[in-house]
Structure formats: structure tokens, C-alpha cells
Amino acid sequence: MGLLNLALAQLVGIFAPIAGLLVALYFYDRSRRRVLVSTLRFWPKRPAPATRQRHKRIQHPLSLILQLIALGLLLLAIADPRPGTSDATAQRRVIVLDTSASMALADGNGVNLMDQAKTLALAYISSLPAGDQAMLIEADGSPMVRVPFTRDRQLLRDSVSTAEPSLTPLDIGAAFDLADGTLRLALNSGGEPLADNAGAGETVYIGPGRFDGEPVRAGVLPSVRYLQTEAPSDSLGILSLEASADLAERGKWNVALEARNYGSETTTARIDFFFSDRLLGHRNLSIAEGGDESLQFTLRSQHPGRLRAQLAADDAYPQNNVATVAIPAPDRTRVQIHGASEREFGPLLAAGARIEADYVESPEDLTPDAIHVWARGGGTGSSSRAIYLAPPGTQSPIAEAASARRSAVSEWSASHQLAKGIRDPDLIPDRVRVFTPSPGDDVIASTADGPVIVARSDDDKRLVALGFDLTDPSVRDRLSAPMLFANAVSWLDSAAFRAEAVAARGPGAVTIEAPNSAPHQISVRTASGAKVPWVLSDGKVRFYGDQRDTYRATTADHDLTLILQQPQIPSASWEPSESVLRGVPSRLAGMGESWILWPWLAALGALILLYDWIRFGRGRRLTAETVQAASQHAPEGRL
């Protein structure tokens, strides 16, 4: 006999003080006490009896005994006794229920694998010994404890019944590691092998055994049972769809798709592509059994729209037959040029396909949202982002030291973005202005006479001053001239040359190449703006997205929008060793769920209380006979 909800010491500790209080109340209730009445006129006068010592005694001991028995039965019902169980032999068991994307598949008969797993899990729960505690782990790409160790079978059943497949592949190694860690914590075993601990029960995995990640590490557990669902039928699926903007041509997108064959034979899949619900065309893709294949094509559009790829297949899992990404309108960086014509300035725009140039004749035509380029003088202090080309001394934002003849560039600032990829010593015309930079200014390039390119970043304003005219034919036609202008625009507007991409993938670990990014240049957020933790190591940004959400990841070189809603079904299968148990244990072998006695105990206790109330409590009134009998012994004026 074992108690599920209370230990024996707890049961006695609760019963003893309540029973003591009940006995004390009985002594107090049955003792003689004085009663005040309104008048003694109608009461017969009797001589006072001789004073004698009275010993208190219980007038209705049977009523007290019945109430004590009822109290014990009700407390015993709360403790929930179970025949055939004891804490000494009870074990802790772990149920690992597969809730990965594989569970959304169906078998050859069209039966959903999740429903099969639920049936097996409920059968296993019913076979558990009543004294054993069980824990439920939902296992997908990020296994988690759904129900901690408990003897509440109904809680386990309800949690199993509400389990749903996720979009991530199963990491069964992490699931068994979690089972091992929770068992050790619950049993306080430390480094002791679990096989030597009598309280460590078996760990049961329920599912088809298809996983990604590390190999199964079931050997650390004392006992493992495998309740296998039916094998899923053949299926095809789209793993990812990604579109990357081409930096060399505005409105051009390079599209890549990856698909997987989960079946047992090579299949040729037809994939239809739609843009804004209009059919673009289709591609045929031959995929070997259990293999992955990819295809690429180019999309050109000057307008936003939704690109959808759809497998023309009717299989067991249609959820991964479609992938959709939202193609934004082509990004642009507005540059307004004052003092130069399109013929003069056009060659400098060759390195910036996203730059949209507008040539203005009057400073009043400039708008604050654009980058301002002042060629051959001019310029105002109101520009928040500006490039000055050979500014005259009175209009230069950087103090001019002197005017010098042509000389080679002796030094480029290798650490600054403006000089990225440029080491041209001859990027100087016949005449050049030499600056005197202020403290805090960045010197980008210098000749023997002094600084000739200076950058300034002050609060919310940025400017670049060149001591020479980039539109001069001797400078403009050099390869480094468009690069210098593009670097200047990129420094003034960080998004101007950032590689933009949109992708539909599955939830889980995400890795983004970021070799040129510093931590302050990196940001990862959800569609609602919530920050997502990330790690930068070895030039790569890593974060985990386990929600069906859209993520925006920004680095110095990339601007990536991720739609993590593509189901990921693993391809590897678990091949358990011969020591792994199979099938649901019989009820007799596991001693099953023992008799549930608490409802009967509670009912019996309630019946005893009802009988006590009818027999000893109901109708007990102060009648005339009892008053007259008592008055014979009462002193005058008192009863």
C-alpha cells in the first residue's frame, strides 16, 4: 500500500492535531455551565444541592468515535492510497513524445503519425505502476519538459492529447540528454551512473525515429523503450526559397530553391513559380531518394510582389509543398547633385546601381532626405549628409590650409570605410586643396603637402570633403574614382550597398555570414520589433528562431528578411540497439493502475458524518423536561 499525495508522517501530522481539537471540543460541549434567564417567577424553588466535585466525561463517546473515524477516512481519501505500491519501489520514468515536423506526415493508410503517437503514449501511461512518477518531454528541434515528474495520470493524458507537431526537425540526442539531466536532478545522483540508482526508471521514445543533429546517445540512460509509429509514406518538400537583390542591377533578384525527396525512389518534381499570383513558368527537378536538389533563376521586377514556389505533387504532407517570399520594391539611395551635369557626373555612378541621381540647379531644390553633392563650390551647413568636391576656402566645411600642385597620394586610411579597396596613388588632378582637419575629423587620404580627403561625423551630421574635383576627366576616368564615390555614399547611408535578401526557411538555428561586421552593426529583430539574442563568432552571426515568425537580421553587409515557417522533416532514421525495449508493456507486467480508493473513502466518511448528525445532532433542543430537570440542581436566580 502506498500513498500518492501524502507521506505517512504527513498524514499523521495532520490527523493528530485535528483529532485532539475535536476531543477538546467534546469535553467543553458536554460540561455543565451557567445559563442566564429573564425571570425566576415560574421556576420552582429547590434547595441548593450539596457541593461536590464533578469529573468531566463524554456523554456521547460513540459520536466522538464516529467523527474521528470520518476524519481519518477523509484525510486518507486526500492522501489517495493505492494497493500494491510503495515509495520504496517507485521509479521515475521519462516519456519523450516526438512533436517534430515529421509527426505531421501520414502513413500509407492516411493515418496521421501524431495521432498514432498519442495512442501509444496514452497506452503507455495506463500501463505505469500507480506509485511511479512520469515526466513528459515534447521533442523537436528544441526539446522541452511539458510536464515535470508527477503521479497525476490525467494531467499526463491531457498534455499528450493537446500536443501538436512543430516545424523543426527532431534532435533526439538533445531529447535524451534532457531526460538524463532531469533524472539525475530528480534523483540527486550527481555523477553516479543512473543504472545503479533503483529510482531511475525507463525512458520511452514515441515516434517514427527520424531525426537531425547529433547521433542518439541513449546509452547513458539505464533503460530505453522505443514505441515506433508506422513509417511515413513517400513525400516531397521545399526546404527553402531565397531571393537576393543583385547589387549591379536595380530590380534584379537571384532566386534559389532547395527541395528534398523523403521517398524511397528517385522522383522528378515539377515546381511552378508565381509572382503576384501570375504564373512565371515551371522547372522540373530530378531528386534522388532521400536526397536534396537545388535550382536557380533570375527574376527582374521594378515593383513589389509575392514570389511563390509550388510543388505540383499530391503527397502525404502538403504543408511543405509551398514556399512564399515577399519581394520588396527595389531599394534606392537618392543623391542630389548641384553644380555638375549628368554627362560630367554619370561615369561616377557606375559602381552604384541603387543610386538614383537627381541634378538640381538651385540649392532651394534640395530635399533633406537625400545625400547632397556640392560640385565646384557652394554648399550650406544645413545638409545632414553631404559630399563636397574641391570646395572654395570660404565655403569649405573643413578649413583649407593651402592650394598645391599635383602630387601622389602617400597614405590611405586602411581602417576607414571610405578608403575600402582603394590604394591608387595617382587619384589627384593637377591642382588640389589641402585641408587642416579639426580634432575628431578622419583623414582618409594625404599627400606630401597634407590631407586631401577628410571625413567628419558630428552628432546627426556626416560630411566628406575632397580637395579635388572628381568630375575632372583625369580623375573621373580612373577605376578608383567610382569606387571612392560609392564608398562615400555607403558611409553616408549604410543601407546603400547592403546586400538585401528575403528567404523562407524552417525554424531553428540560423547562420549569416558577416565577415566585415562589428557588434554595433548587427541587429536581429522579429516582425513586431522584439530583439532576438545572437552570437558573433568566426565572422558569422548565429541565432535561434523557434517561432513561426518573420525575422529581420541586419549586418554591415547584409539585410536579410527571414520567414521561418517552412517545415523541416529530417531524413536520418534511428536504428536502436538490441538492448532497447519495444512495445507497450502489459498492464500485468507493469502492475498497471491500481484500484482507486479515494472516492469510496470520501463517500464512507461522508456517510458516517451524516449518520452522526442524524443520531446525535438532529433535533437536540432545550426542552421543558430538560430545563425542569436541570432546575432541580440550580441555585436561586441561576440555571
Side-chain angles (χ1 to χ4, degrees), residues 1-33 35 54-91 122-123 125-134 147 149-161 587-588 590-627 629-630:
M1 175 71 71
L3 302 178
L4 294 190
N5 298 331
L6 293 174
L8 182 59
Q10 293 174 319
L11 179 63
V12 173
I14 297 174
F15 176 80
I18 298 178
L21 180 62
L22 188 61
V23 172
L25 289 175
Y26 255 83
F27 275 110
Y28 176 77
D29 183 62
R30 304 307 181 192
S31 63
R32 175 181 288 181
R33 55 188 181 273
V35 179
R54 294 180 56 89
H55 295 283
K56 292 183 179 181
R57 64 185 180 87
I58 299 174
Q59 296 184 8
H60 300 288
L62 180 59
S63 175
L64 175 60
I65 294 173
L66 290 176
Q67 292 190 27
L68 290 175
I69 294 174
L71 173 64
L73 290 173
L74 292 176
L75 288 177
L76 201 58
I78 294 174
D80 195 5
R82 297 294 177 93
T85 64
S86 68
D87 292 337
T89 60
Q91 292 185 326
L122 295 176
I125 292 172
S126 298
S127 74
L128 293 177
D132 285 5
Q133 297 188 48
V147 179
F149 284 110
T150 180
R151 291 190 179 99
D152 190 341
R153 302 296 187 255
Q154 191 57 45
L155 175 61
L156 290 169
R157 291 190 183 96
D158 292 342
S159 299
V160 167
S161 300
R587 216 178 151 85
L588 180 61
M591 297 177 62
E593 291 191 20
S594 60
W595 296 334
I596 300 177
L597 300 179
W598 72 262
W600 302 99
L601 296 173
L604 182 58
L607 287 175
I608 292 176
L609 288 177
L610 179 63
Y611 173 77
D612 175 70
W613 181 70
I614 295 174
R615 176 68 178 81
F616 297 100
R618 189 180 66 171
R620 195 184 302 167
R621 299 289 185 269
L622 189 62
T623 62
E625 291 80 8
T626 58
V627 171

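As the structure is a computational prediction, the values presented were derived from the model and not from experiment.
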Practice item. Heavy atoms only: give me the nearest Arg151-Asp132 pair and the separation to one decimal. Key: CG-O, 3.7 Å
Review point. Do you know which two heavy atoms are closest between Ala77 and Leu601, and how far apart they sit?
Key: CB-CB, 3.9 Å
Check your understanding: Looking only at atom types and distance, does a side-chain atom of Arg615 sit under 3.5 Å from a main-chain N or O of Trp613, one as donor and one as acceptor?
Key -> no
Review point. Nearest 0.5 Å, what's the CG-CG distance between Leu71 and Leu66?
Key: 12.5 Å
Check your understanding: About how many Å separate CG of Leu122 and OG of Ser127, when rounded to the nearest 0.5 Å?
Key -> 11.0 Å
Revision key, fill the gap. Separation between CG (Leu74) and CG (Leu604), nearest 0.5 Å, reads 9.0 Å
Exercise for review: Indicate the atoms forming the closest heavy-atom contact of Ala70 with Gly605, along with that distance.
Suggested key: CB-O, 3.6 Å
**Study point:** Ile14 vs Ile78, side chain to side chain contact (heavy atoms under 4.5 Å, CB included): CA-CA, chis, key distance, verdict
**Key:** CA-CA 11 Å; Ile14 297 174; Ile78 294 174; over 6 Å; no
Exercise for review: For residues Leu610 and Ile614, determine if any side-chain heavy atom of one lies less than 4.5 Å from a side-chain heavy atom of the other.
Suggested key: yes
Practice item. Under the side chain to side chain contact (heavy atoms under 4.5 Å, CB included) rule, what do Ile18 and Leu22 come out as? Steps first, then yes or no, please. Key: CA-CA 6 Å; Ile18 298 178; Leu22 188 61; 5.6 Å; no
Check your understanding: Taking only residues two or more places apart in sequence or in another chain, which ones pass side chain to side chain contact (heavy atoms under 4.5 Å, CB included) with Asp158?
Key -> Gln154
Check your understanding: If you measure from CD1 on Ile125 to CG on Leu156, what distance do you get to the nearest 0.5 Å?
Key -> 5.0 Å
Exercise for review: Measure the spacing between OG of Ser126 and CZ of Arg153 and express it to the nearest 0.5 Å.
Suggested key: 9.5 Å
Check your understanding: Rounded to the nearest 0.5 Å, what separation is found between the CG atom of Leu76 and the CZ atom of Phe15?
Key -> 10.5 Å
